[in-house]
**Q** 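One structure, pasted below without further comment.
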Amino acid sequence: MLLPLFERETFGVRRDGEAIAVLMAALVKGNALDSVDHAYQVFIEFKELTPLTSICFDILVNGFCKAKKLEDARKIMDEMEKHGYQPSVASYTSFIEAYGREKDLSKVDAALDEMQEKGCKPNIVTYIVIMKARCEAGEITQALEVYEKIKSDGCLPDNSFYSLLISILSKADRLNDARKIFEDMERQNIKPNVWAYNAMISSACAHSREEEALKWLQKMEEDSCKPDRLTYSPLLRLCFRNNRMKVLNFLLNHMFKNDLSIDLGTYALLVSGFCKSGELELACSYFKEMVLKGMVPYQSTYKVLVKERREKNMVETKQWIENLMVQAEEQRKQRVFGV
């Protein structure tokens with residue numbers, strides 16, 4: 001236990017506000033449900049012995065909010081003021097996030113009003129939390145209003161904010177709004193990241209707008225934004241849905257050109273897609289390639305392939321697939337157990 005070290009100030013362990021904050025933060029990050037209670041015990045033990053920093057209070061407020069102990073969090077905030085500290089943006093944001101998880105938007109608004117009345121200016125993290133709360137409550141228009149409020153408050157949105165808003169609007173089928181935000185992002189000289197591009201590509205694919213999705217991929221390349229595997233997944237699914245095999249081959253080559261190898265999820269997509277398209281030889285080829293690379297196929301991938309072979313009465317090939325699956329399992333055991 002670290003507390004005796006703090007009490008004796010031995011082995012180079014300082015007993016000051018900063019060191020105590022480090023200990024409290026480590027305790028709060030623990031997975032146990034009572035981890036914040038342990039941090040609170042440290043707080044109680046040392047608050048009369050050592051001047052505590054405002055960070056100690058912020059840590060407890062955040063910990064109690066995450067543990068859904070909002071009354072305890074409020075008591076800590078009140079005590080914070082008694083110690084001469086004004087509640088920080090971090091503490092208020094913790095409350096707003098907790099109310100958002102409960103979908104209590106009236107308390108989200110009340111907490112925002114309170115922090116502004118006390119002269120505590122929200123930062124971009126606060127606004128991201130509010131926007132997420134609005135979105136999760138299905139209030140997409142109000143989430144857009146958060147964006148307008150940010151600009152009026154003189155708080156500059158960053159890349160993560162824009163990417164989240166674009167993703168929210170895309171998932172809500174507000175494609176025109178998403179496009180406007182993307183364009184506004186560029187006008188603000190903020191370079192769109194892979195998340196923003198992925199959201200635009202995914203939404204275009206969801207509405208079967210192949211040409212538009214490919215244009216976003218092209219723009220991504222022109223802007224020197226490197227795609228990731230999540231960039232290609234909706235595009236590949238769209239190709240299978242529309243039976244666009246030439247475009248699919250182009251995309252696979254495009255992946256390789258960007259130094260992206262096929263991972264387990266993409267192999268599963270390809271095997272399933274080729275099965276549904278009637279291209280069983282290609283499906284088997286990718287299944288074999290997956291196993292030879294040391295991957296263990298998902299059970300769902302294996303079952304789809306076996307089912308197709310069984311229905312077409314291809315007994316020998318079915319047995320070959322089963323043998324490959326056994327080989328994959330054996331390889332996994334060797335890696336895990338060394339046998």
Side-chain angles (χ1 to χ4, degrees), residues 58 61-62 65-66 87-206 213 216-217 219-220 222-228 230-231 234:
D58 287 335
V61 170
N62 180 259
C65 284
K66 285 186 174 178
S88 68
V89 63
S91 286
Y92 276 115
T93 301
S94 295
F95 272 102
I96 291 170
E97 187 171 23
Y99 295 140
R101 282 196 297 266
E102 294 178 352
K103 293 184 171 53
D104 193 336
L105 299 184
S106 62
K107 287 186 178 179
V108 167
D109 293 337
L112 180 63
D113 290 341
E114 181 186 330
M115 76 183 290
Q116 291 178 315
E117 285 168 7
K118 292 196 174 183
C120 184
K121 188 176 180 180
N123 61 17
I124 193 64
V125 177
T126 311
Y127 284 118
I128 286 175
V129 168
I130 294 171
M131 191 169 64
K132 278 184 178 178
R134 294 289 181 198
C135 170
E136 289 169 4
E139 297 187 351
I140 306 302
T141 299
Q142 288 81 351
L144 265 176
E145 289 172 0
V146 174
Y147 175 56
E148 296 303 323
K149 183 170 177 55
I150 283 179
K151 293 192 288 185
S152 65
D153 285 354
C155 183
L156 295 177
D158 61 4
N159 213 315
S160 60
F161 180 91
Y162 275 114
S163 298
L164 176 63
L165 182 54
I166 288 168
S167 179
I168 287 170
L169 293 170
S170 298
K171 289 175 182 176
D173 291 338
R174 302 275 291 263
L175 303 190
N176 289 335
D177 287 326
R179 195 177 296 109
K180 287 176 184 175
I181 296 297
F182 193 99
E183 291 167 357
D184 197 19
M185 185 180 190
E186 293 184 302
R187 280 194 294 271
Q188 300 295 330
N189 292 319
I190 296 177
K191 189 175 181 180
N193 62 14
V194 66
W195 293 347
Y197 276 109
N198 285 358
M200 299 305 298
I201 289 171
S202 183
S203 62
C205 289
W216 282 113
L217 183 64
K219 179 172 170 52
M220 196 176 189
E222 291 168 355
D223 289 349
S224 301
C225 181
K226 185 177 173 61
D228 61 15
L230 293 178
T231 308

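Side chains are part of it too, since the values below use all heavy atoms of this structure and drop only hydrogens, waters and symmetry mates.
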**Q** OG of Ser88 to CE of Met115: how many Å apart, nearest 0.5 Å?
**A**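 Atom-to-atom, Ser88:OG and Met115:CE are 8.0 Å apart.
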**Q** To the nearest 0.5 angstrom, please state how far the CD atom of Glu97 sits from the NZ atom of Lys132.
**A**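 The CD atom of Glu97 sits 7.0 Å away from the NZ atom of Lys132.
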**Q** Which pair of heavy atoms, one from Ile150 and one from Cys155, lies closest together, and at what distance?
**A**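 The answer is CG2-O, 2.7 Å.
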**Q** Does Tyr127 have any ring pair (Phe, Tyr, Trp, His ring centres under 6.0 Å) partners at least two apart in sequence or in another chain, and if so, which?
**A**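 Once residues adjacent in sequence are excluded, Tyr127 has no partner under the ring pair (Phe, Tyr, Trp, His ring centres under 6.0 Å) criterion.
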**Q** Excluding sequence neighbours, so at least two apart, what forms side chain to side chain donor-acceptor pair (under 3.5 Å) with Ser94?
**A**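 For Ser94 the side chain to side chain donor-acceptor pair (under 3.5 Å) partners, ignoring immediate neighbours, are Asn62.
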**Q** Can you confirm whether Leu169 sits close enough to Leu144 that some side-chain heavy atom of one is under 4.5 Å from a side-chain heavy atom of the other?
**A**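 Leu169 vs Leu144: side chains touch.
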**Q** At what distance, to the nearest 0.5 angstrom, does CG of Leu112 lie from CZ of Phe95?
**A**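 Interatomic distance, Leu112 CG to Phe95 CZ, rounded to 0.5 Å: 14.5 Å.
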**Q** Please report the shortest heavy-atom distance between Val89 and Pro122, naming the atom on each side.
**A**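 Residues Val89 and Pro122, closest heavy atoms: CG2-CA, 4.1 Å.
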**Q** Rounded to the nearest 0.5 Å, how far apart are CD of Glu114 and CD1 of Ile96?
**A**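 The distance works out to 9.5 Å.
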**Q** With sequence neighbours excluded, what pairs up with Ser170 under the side chain to side chain contact (heavy atoms under 4.5 Å, CB included) test?
**A**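 Once residues adjacent in sequence are excluded, the partners of Ser170 under the side chain to side chain contact (heavy atoms under 4.5 Å, CB included) criterion are Ile166, Ala178, Ala199, Met200, Ser203.
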**Q** State which residues pass side chain to side chain donor-acceptor pair (under 3.5 Å) with Ser163; sequence neighbours excluded, sorted by chain then number.
**A**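 Side chain to side chain donor-acceptor pair (under 3.5 Å) check on Ser163 returns Asn159, Asn193.
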**Q** May I have the list of side-chain donor-acceptor pairs in residues 103-110 shorter than 3.5 Å, sequence neighbours left out?
**A**
| from | atom 1 | to | atom 2 | distance (Å) |
| --- | --- | --- | --- | --- |
| Asp104 | OD1 | Ser106 | OG | 2.8 |
| Asp104 | OD1 | Lys107 | N | 3.4 |
| Asp109 | OD1 | Arg134 | NH2 | 2.6 |
| Asp109 | OD2 | Arg134 | NH2 | 3.1 |

**Q** Could you work out, with salt bridge (Lys or Arg N to Asp or Glu O under 4.0 Å) as the rule, every residue matching Glu117, not counting sequence neighbours?
**A**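 Here no residue qualifies.
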**Q** Name all pairs fulfilling the salt bridge (Lys or Arg N to Asp or Glu O under 4.0 Å) condition that reach into residues 165-176, sequence neighbours left out, sorted by first residue then second.
**A**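 Listed by first then second residue: Arg174-Asp177.
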**Q** Provide the closest heavy-atom pair for Ser91 versus Asp58 in the form atom of the first, atom of the second, distance.
**A**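 The pair with the smallest heavy-atom distance is OG-OD1, 2.6 Å.
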**Q** State which residues pass side chain to side chain contact (heavy atoms under 4.5 Å, CB included) with Cys205; sequence neighbours excluded, sorted by chain then number.
**A**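 Applying side chain to side chain contact (heavy atoms under 4.5 Å, CB included) to Cys205 gives Ile201, Ala213, Pro234, Leu235, Leu238.
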**Q** Could you tabulate the donor-acceptor pairs under 3.5 Å formed by side-chain atoms of residues 184-192, not counting sequence neighbours?
**A**
| from | atom 1 | to | atom 2 | distance (Å) |
| --- | --- | --- | --- | --- |
| Asp184 | OD2 | Tyr147 | OH | 2.0 |
| Glu186 | OE2 | Lys219 | NZ | 2.8 |
| Lys191 | NZ | Asp223 | O | 3.1 |

**Q** Taking atom NZ of Lys149 and atom CD1 of Ile130, what is their separation to the nearest 0.5 Å?
**A**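 Going from the NZ atom of Lys149 to the CD1 atom of Ile130 covers 8.0 Å.
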**Q** With Asp228, which residues qualify under side chain to side chain donor-acceptor pair (under 3.5 Å), at least two apart?
**A**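 Scan of Asp228 (side chain to side chain donor-acceptor pair (under 3.5 Å), adjacent residues dropped) gives Asn198, Thr231.
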**Q** Taking the basic N atoms (NZ, or NE/NH1/NH2) and the acidic carboxylate oxygens, is any pair closer than 4.0 Å for Glu148 and Lys151?
**A**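 Between Lys151 and Glu148 there is a salt bridge, with a charged N closer than 4.0 Å to a carboxylate O.
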**Q** I'd like to check the side chain to side chain donor-acceptor pair (under 3.5 Å) partners of Tyr99; sequence neighbours left out, ordered by chain and number.
**A**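 Here no residue qualifies.
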